[in-house]
*Asks:* 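After the structure tokens below, expect a handful of questions from me.
Below, chain A is the first sequence line, B the second, and so on; all start at residue 1.
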Number of protein chains: 2
Amino acid sequence: MPDNATRQPAAASAGMSRYGQIAAQLQQKIVTGEWSPGTAIPAESALAVEFGIALGTIRQAIAVLVQQGLLERVQGKGTFVRTGLTGGSSAGMMRFFRFRSEADADAAPTAVPRSEILSCRSVRLDKGMASRFGLEAGARGLAISRRRWVADTPRLLESIWLPLPRCAALQDTPVAEWGELLYPLLSQRCGITVHRAMDEVTFRLLDAEEADLLALPPSHPCALVTRQAFDIQGQCVEYRLTRGDAYAFRYTAEIR
Amino acid sequence: MPDNATRQPAAASAGMSRYGQIAAQLQQKIVTGEWSPGTAIPAESALAVEFGIALGTIRQAIAVLVQQGLLERVQGKGTFVRTGLTGGSSAGMMRFFRFRSEADADAAPTAVPRSEILSCRSVRLDKGMASRFGLEAGARGLAISRRRWVADTPRLLESIWLPLPRCAALQDTPVAEWGELLYPLLSQRCGITVHRAMDEVTFRLLDAEEADLLALPPSHPCALVTRQAFDIQGQCVEYRLTRGDAYAFRYTAEIR
DNA sequence: TAGTGGTCTAGACCACTTG
DNA sequence: AAGTGGTCTAGACCACTAC
């Protein structure tokens, strides 16, 4: 067996297992974009040769990144860098709400809501929002107001903030061409991959303007979902507030 | 290498990998109680000999059950059958609510609320509840009403149903000896291990009686958590409705 | 048919826990 | 010192996917 010390040049090998070090190196290739989302990484056998380790060890390293959601294995085809979140039913707001069309009682699983951009303008970010995006106080961002419809009824109200140098391309895109989902747009226009998001749910009453836009009575109760989305480097790329009828809120969680 | 056909007697080996079959057999030993919660299972080497397979294969089988939450590995000590849920902060209702004492603003992480049993009586279960518990229509169950306090303030109202032959031992235990948590009680008195639970959250308004018990105004908004808890065999062993002030509701979820 | 990941073996040595 | 799980090797064959 070759000597370990000659194999690990100067990496961050402090108390880390071999496959842990390899996993970190693979993660670097993904985060830096050397391996881009959707593409296949080299075969296990090739990587084993490249790193000078056994097949089982490179498999263990890959397993770590699969667990983290960075890679995806497909039998017979290869191992692929995962595409970011789409904002569809699994990651989108519809997993928090169950809206019924007025017609049928327990309707079909609700599809992606139609998006109506109410406003989109460049604003100066307050200190908290700027630091969230890793910008200096006073930096600018994009503030978007969006209303989402399900079957001819306004259902969700969203206030979205995006960091501005990164998302400038959105300003050059007519809102008519935005489509229904934000994340595919961020990917295509700004090269931003949303890899992870944190949602926090609380409860309050609608103010007069919100109630009007949602066609609900003033002071109607609403669920408020606060989302922070992060790219593959762990940088926050979106802050969003979503309001929807509290009586349509329905969320299921499994414990252990 | 020994012949495979001689090694797998008559198990459910239909299209299943070797470690998958072994995992199923280990799961049987846990579910049937041959290996009880909290105890160590035989060492990997012993199991490898017992099943006539390589160490790596038994490790893969164990990994499956660890992933399922049935086993827990501890380096240097052994592999243990996991103890059930406790209903503490990780699995309990406090992960849905953030109550503040009136004194200090952003207080310490709230501990387990004190439990006050309002009533506990044997009732006839309706058809839905009975079938949930795997009982025939008209079977009996235990209906418990419980109020939970955090620092001298009533905060949560719970209605709990339990299947009756299984939980009969609770009727012989004075409520003064119940303690603050239900699941340890179920474990000690009835031998029931709660292994998994499903929570569903919705919003509605408190009725007059509920509001009175929670010292809140009538028609105050509340979060309603509906829980079904299951034992290690997958049998439902608890149905619970929990109501708490909607303004204290706060839940965080990570996506991907 | 060639290439991929999936399964499995039979060893070895290491790190941690316990008596 | 003995026993446990954790890591790693260097092979083998199988199942699936593509061309």
Side-chain angles (χ1 to χ4, degrees), chain A residues 1-8 11-26 30 35 38-67 69-82, chain B residues 1-8 11-26 30 35 38-67 69-82:
Chain A
M1 172 167 49
D3 179 68
N4 262 352
T6 47
R7 279 227 217 95
Q8 0 185 117
S13 39
M16 214 183 207
S17 61
R18 197 65 183 275
Y19 74 80
Q21 301 169 36
I22 305 285
Q25 294 180 55
L26 300 188
I30 297 168
W35 292 341
T39 65
I41 73 173
E44 295 175 342
S45 52
L47 289 171
V49 171
E50 177 182 339
F51 288 104
I53 58 177
L55 251 178
T57 306
I58 191 69
R59 284 182 63 82
Q60 238 174 323
I62 290 173
V64 169
L65 301 183
V66 168
Q67 183 65 25
L70 282 170
L71 291 178
E72 195 173 8
R73 321 189 71 153
V74 183
Q75 140 117 248
K77 296 181 71 175
T79 303
F80 299 83
V81 179
R82 278 199 42 184
Chain B
M1 174 168 44
D3 179 70
N4 262 353
T6 47
R7 278 229 218 95
Q8 357 185 117
S13 39
M16 215 183 206
S17 61
R18 198 63 183 278
Y19 74 80
Q21 301 169 37
I22 304 286
Q25 293 179 56
L26 300 187
I30 297 168
W35 292 341
T39 65
I41 74 174
E44 294 175 343
S45 53
L47 289 172
V49 170
E50 177 181 338
F51 287 104
I53 58 176
L55 251 177
T57 305
I58 191 68
R59 285 182 62 82
Q60 240 175 320
I62 290 173
V64 169
L65 300 184
V66 168
Q67 182 65 24
L70 282 170
L71 292 177
E72 195 173 9
R73 321 189 70 151
V74 183
Q75 140 118 243
K77 296 181 73 175
T79 303
F80 300 83
V81 179
R82 277 197 44 183

*Asks:* I'd like to know if the side chain of Q21(A) reaches the main chain of M16(A), judged simply by a donor and an acceptor atom lying under 3.5 Å from each other, with no hydrogens or angles considered.
*Replies:*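 Checking the backbone N and O of M16(A) against the side chain of Q21(A), a donor-acceptor pair under 3.5 Å is found.
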
*Asks:* Please state how far atom CD1 in I58(A) lies from atom P in dT4(C), giving the value in whole angstrom units.
*Replies:* 14 Å

*Asks:* Taking the side chain of S45(B) as its heavy atoms from C-beta onward, which of dT9(D), dT7(C), dT4(D) lies nearest to it?
*Replies:*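 The closest nucleotide is dT4(D).
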
*Asks:* Quickly work out the F51(B) CZ to dT9(C) C1' distance and round it to whole Å.
*Replies:*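 Between C1' of dT9(C) and CZ of F51(B): 17 Å.
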
*Asks:* Can you figure out which of dA10(C), dT9(D), dG5(C) approaches the side chain of A54(B) most closely?
*Replies:* dA10(C)

*Asks:* In whole angstrom, what separates I22(B)'s CD1 from dG6(C)'s P?
*Replies:*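 Rounding to the nearest Å, CD1 of I22(B) and P of dG6(C) are 20 Å apart.
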
*Asks:* What's the closest nucleotide to the side chain of K77(B) if the choices are dC8(D), dG5(C), dT17(C)?
*Replies:*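 Per side-chain heavy atoms of K77(B), the pick is dT17(C).
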
*Asks:* In whole angstroms, how far is the C1' atom of dG3(C) from the CZ atom of F80(A)?
*Replies:*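 Roughly 12 Å, once rounded to whole Å.
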
*Asks:* Hey, could you give me the CZ/CZ distance between R73(A) and R59(A), rounded to the nearest 0.5 Å?
*Replies:* 4.5 Å

*Asks:* How many angstroms lie between atom CD1 of I58(B) and atom CG of L26(B), to the nearest 0.5 angstrom?
*Replies:*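 CG of L26(B) is found 5.0 Å from CD1 of I58(B).
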
*Asks:* Could you check how far CZ of R18(B) sits from P of dC8(C), rounded to whole Å?
*Replies:* 7 Å

*Asks:* Roughly how far, to the nearest 0.5 Å, is the CG atom of L65(A) from the CG atom of L70(A)?
*Replies:*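 It comes to 5.5 Å.
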
*Asks:* Can you name the closest pair of heavy atoms from Y19(B) and A61(B) and give their distance?
*Replies:*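 Shortest heavy-atom separation between Y19(B) and A61(B) comes out as O-CB, 3.4 Å.
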
*Asks:* For Q60(A) and for V74(A), find the nucleotide of DNA chain D with the closest heavy atom, then tell me which residue's nucleotide is more 5'.
*Replies:*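 Nearest-nucleotide comparison on DNA chain D picks Q60(A).
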
*Asks:* Nearest of dC16(D), dT9(D), dT9(C) to any side-chain atom of Q75(A)?
*Replies:*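 Within the option list, the nearest is dC16(D).
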
*Asks:* For E44(A) and dG11(D), what is the distance between atoms CD and C1' respectively, to the nearest whole Å?
*Replies:*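 Atom-to-atom, E44(A) to dG11(D), this comes out as 15 Å.
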
*Asks:* Between atom OH in Y19(B) and atom C1' in dG6(C), what is the gap in whole Å?
*Replies:*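 To the nearest whole Å, that distance equals 7 Å.
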
*Asks:* Using whole Å, report how far CG of L55(B) lies from P of dG3(D).
*Replies:* 15 Å

*Asks:* Of the nucleotides dC8(C), dC8(D), dG5(C), which has the atom closest to the S17(A) side chain?
*Replies:* dC8(D)

*Asks:* Using only side-chain N and O atoms of T57(A), determine if any of them is under 4.0 Å from OP1 or OP2 of dC8(D).
*Replies:* no

*Asks:* Determine: side-chain N/O of R59(A) to OP1/OP2 of dG5(C), distance under 4.0 Å, yes or no.
*Replies:* no

